[in-house]
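The structure appears below as structure tokens.
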Amino acid sequence: SQQGEEDPQALSIQEGENATMNCSYKTSINNLQWYRQNSGRGLVHLILIRSNEREKHSGRLRVTLDTSKKSSSLLITASRAADTASYFCATVFEDNFNKFYFGSGTKLNVKP
Amino acid sequence: KAGVTQTPRYLIKTRGQQVTLSCSPISGHRSVSWYQQTPGQGLQFLFEYFSETQRNKGNFPGRFSGRQFSNSRSEMNVSTLELGDSALYLCASSLRLASSYEQYFGPGTRLTVT
């Protein structure tokens with residue numbers, strides 16, 4: 001499969017702790033995007049990181065990209081109960097620029 | 001600015017019927033993409049339309065089709081419905097091609113096929 005795969009599949013932490021989710025993929029990418037989905041709703045775009053970038057920040061979110069390892073990580077610092085959601089990475093491959101491939105997601109549960 | 005809207009939000013159909021779902025993108029967005037989300041298969045890309053042209057298509061049978069109008073609104077049609085078509089169908093819009101710009105998703109249409 002060309003899909004990005006998130007790891008872990010599920011993560012449960014206490015409010016205030018940091019949450020780290022990983023995404024691995026198989027072929028060279030043009031860019032990688034992270035999305036959040038609250039239960040049964042549409043997805044919300046979090047961060048887009050291009051293949052020539054190594055790290056991006058947005059508020060409490062930090063995304064890193066290691067193209068040599070074909071992996072990305074999403075770090076949520078000082079988590080809140082409202083961060084409880086599923087997180088997906090979506091990859092756009094160099095040789096198939098117009099298609100998105102979503103991973104299976106990480107279910108994050110932040111306990112108050 | 002209004003977000004992406006999808007209608008209807010919920011739909012129940014029987015096998016063999018056809019269904020049309022509608023998506024209105026954010027004003028000014030020219031790209032509309034469609035996705036199917038199921039517990040078993042996850043999120044799968046259906047197709048993307050840009051300036052009324054289908055730019056790309058995922059690995060779905062020909063029963064799944066779509067179109068985009070001059071005002072960028074898009075419709076998706078599924079003919080001869082099967083039980084396995086039960087899913088959340090998500091529409092997303094972006095300023096230009098979805099692969100280079102962030103996508104804004106609608107709330108989805110929950111389709112149940114009985």
Side-chain angles (χ1 to χ4, degrees), chain A residues 1-10 21 23-25 27-53 56 58-59 61 63 74 85-107, chain B residues 2-7 9-10 21 23-26 29 31-51 53-60 86-112:
Chain A
S1 164
Q2 286 185 306
Q3 288 178 329
E5 291 300 327
E6 288 91 343
D7 168 60
Q9 288 188 322
M21 288 156 270
C23 172
S24 60
Y25 54 91
T27 59
S28 296
I29 59 168
N30 175 278
N31 69 72
L32 185 147
Q33 303 180 29
W34 284 91
Y35 288 82
R36 182 187 76 228
Q37 184 180 35
N38 290 85
S39 182
R41 295 189 171 186
L43 282 76
V44 174
H45 181 270
L46 297 176
I47 289 182
L48 181 155
I49 187 165
R50 301 191 188 280
S51 60
N52 60 352
E53 297 175 309
K56 281 188 101 165
S58 177
L61 307 180
V63 167
L74 169 66
S86 290
Y87 291 82
F88 296 88
C89 69
T91 45
V92 177
F93 294 100
E94 270 188 345
D95 63 350
N96 204 339
F97 191 67
N98 292 321
K99 284 187 180 178
F100 267 89
Y101 294 92
F102 277 89
S104 51
T106 292
K107 275 193 175 179
Chain B
V4 178
T5 58
Q6 291 186 245
T7 55
R9 292 292 311 279
Y10 302 92
L21 312 181
C23 172
S24 292
I26 290 173
H29 284 194
S31 167
V32 174
S33 299
W34 288 89
Y35 296 86
Q36 181 196 65
Q37 186 175 30
T38 60
Q41 298 296 318
L43 264 163
Q44 295 190 87
F45 171 77
L46 279 156
F47 29 65
E48 177 182 13
Y49 285 86
F50 181 77
S51 294
T53 302
Q54 187 180 87
R55 287 301 305 256
N56 221 320
K57 193 175 190 301
N59 298 324
F60 279 82
S86 293
L88 180 67
Y89 289 88
L90 294 163
C91 156
S93 76
S94 61
L95 200 57
R96 294 193 180 177
L97 288 177
S99 52
S100 294
Y101 290 81
E102 63 181 275
Q103 296 184 86
Y104 294 82
F105 280 79
T109 293
R110 174 77 61 184
L111 171 65
T112 302

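Because only heavy atoms are used, hydrogens play no part in the values below, and waters and symmetry mates are left out as well, while side chains stay in. Predicted model, so just to flag it, every value in this text is computed and none were measured. Chain letters run A, B, ... following the sequence lines, proteins first and then strands; every chain starts at 1.
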Tell me if the [atom1] atom of [X] is crowded by more than 12 foreign heavy atoms within 6.0 Å.
X     : atom1 : value
B/K57 : NZ    : yes
B/F50 : CZ    : yes
A/Q9  : CD    : no
B/N59 : CG    : no

| query | Measuring from A/L48:CG to B/Q103:CD, what's the distance to the nearest 0.5 Å? | reply |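 Separation between the atoms: 10.0 Å.
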| field | CZ on A/F102 to CD on B/Q41, rounded to 0.5 Å | value |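 Answer rounded to 0.5 Å: 15.5 Å.
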| Closest non-hydrogen atom pair, A/L43 against B/F105 |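 The pair with the smallest heavy-atom distance is O-CB, 3.1 Å.
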| Going by atom types only, do A/Q37 and B/Q37 share a side-chain donor-acceptor pair under 3.5 Å? |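 On atom types as modelled, these side chains qualify, holding a pair under 3.5 Å.
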